[in-house]
Amino acid sequence: MQKKKQKKITAASLPDRNKQSFLFFEDVYSIVRLVPKGRVTTYGAIAAYLGSKLSARMVGWAMNASHNAIPPVPAQRVVNRNGMLTGKHHFETPTTMEILLRKEGVQIKDDAVVDFAERFWDPMQEMEQLL
DNA sequence: GCATTGACGAAGG
DNA sequence: CCCTTCGCCAATG
């Protein structure tokens with residue numbers, strides 16, 4: 001049986017209406033939506049969970065399209081591996097991300113999550129607990 | 001069709 | 001310890 005090579009699905013190859021159905025997007029969104037309030041995860045952790053073949057950049061790329069996602073994705077809970085709010089400029093206002101996180105009980109200092117190691121929510125780790 | 005960019009991350013200098 | 005380079009893969013010009 002021929003191995004089903006990863007079908008090269010691109011958002012551009014789909015009608016706008018189906019972009020939100022883009023599997024890779026949904027995978028990312030599903031994980032992000034699982035992040036509990038007051039916790040954060042990273043692009044790399046999500047990429048690792050989906051498979052190391054996918055780079056963390058693709059996660060960021062997917063997040064960029066998360067505005068079109070329904071239900072909405074708490075993108076503010078996704079930060080880079082350093083705990084920095086690198087995506088803050090992609091929100092409606094540069095302070096939206098920080099405000100949302102503070103509202104959820106996450107302390108932000110110098111555009112970074114305080115006690116990031118404790119706040120970190122690892123998809124793979126959490127998935128194991130569910131098993 | 002090539003070059004640049006990007007909400008990343010690891011490695012090297 | 002800070003900065004640069006490279007790999008990652010798709011989008012965009």
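Reminder, nothing fancy here: chain letters follow the sequence lines and each chain counts from 1.
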In whole angstrom, what separates [X]'s [atom1] from [N]'s [atom2]?
X      : N      : atom1 : atom2 : answer
A/M58  : C/dG7  : CE    : P     : 15 Å
A/N64  : B/dT5  : CG    : P     : 17 Å
A/R81  : B/dA10 : CZ    : C1'   : 8 Å
A/F120 : B/dG9  : CZ    : P     : 9 Å
A/H90  : B/dG6  : NE2   : P     : 8 Å
A/D111 : B/dA7  : CG    : P     : 14 Å
A/N82  : C/dC2  : CG    : P     : 11 Å
A/Y43  : B/dG9  : OH    : P     : 8 Å

Point to revise | Any donor-acceptor N/O pair, A/R119 side chain to A/V40 backbone, under 3.5 Å | key: no
Among [options], which nucleotide sits nearest the side chain of [X]?
X     : options              : value
A/A75 : C/dC9, C/dA11, B/dA7 : B/dA7
A/S66 : B/dA7, C/dA11, C/dC9 : B/dA7
A/A56 : B/dA7, B/dG9, C/dA10 : B/dG9
A/S55 : B/dG9, C/dC9, B/dA7  : C/dC9

**Study point:** Pairwise P distance for C/dT5 and B/dT4, with rounding to whole Å
**Key:**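 That atom pair is separated by 14 Å.
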Check your understanding: Looking only at atom P, what distance separates C/dT4 and B/dT5, rounded to whole Å?
Key ->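 One P to the other, the span is 15 Å.
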Review point. Should the ring pair A/F25 and A/Y29 be called parallel, tilted or perpendicular, given that the plane angle runs from 0 to 90° and is split at 30 and 60?
Key: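 Perpendicular: the ring planes of A/F25 and A/Y29 meet at over 60°.
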Check your understanding: For A/W61 and A/Y43, what are the C-alpha separation, side-chain angles and deciding distance, and is it a ring pair (Phe, Tyr, Trp, His ring centres under 6.0 Å)?
Key -> CA-CA 10 Å; A/W61 169 61; A/Y43 306 97; over 10 Å; no
Review point. Is A/N80 touching bases, backbone alone, or none of the nucleic acid, heavy atoms closer than 4.0 Å?
Key: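 If one applies the 4.0 Å heavy-atom cut-off, A/N80 turns out to touch the sugar-phosphate alone, with no base involved.
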Check your understanding: Tell me, do A/N82 and A/F116 make a side-chain contact under 4.5 Å, heavy atoms counted?
Key -> no
**Study point:** Close side-chain approach of A/M97 and A/V79, heavy atoms under 4.5 Å
**Key:** yes
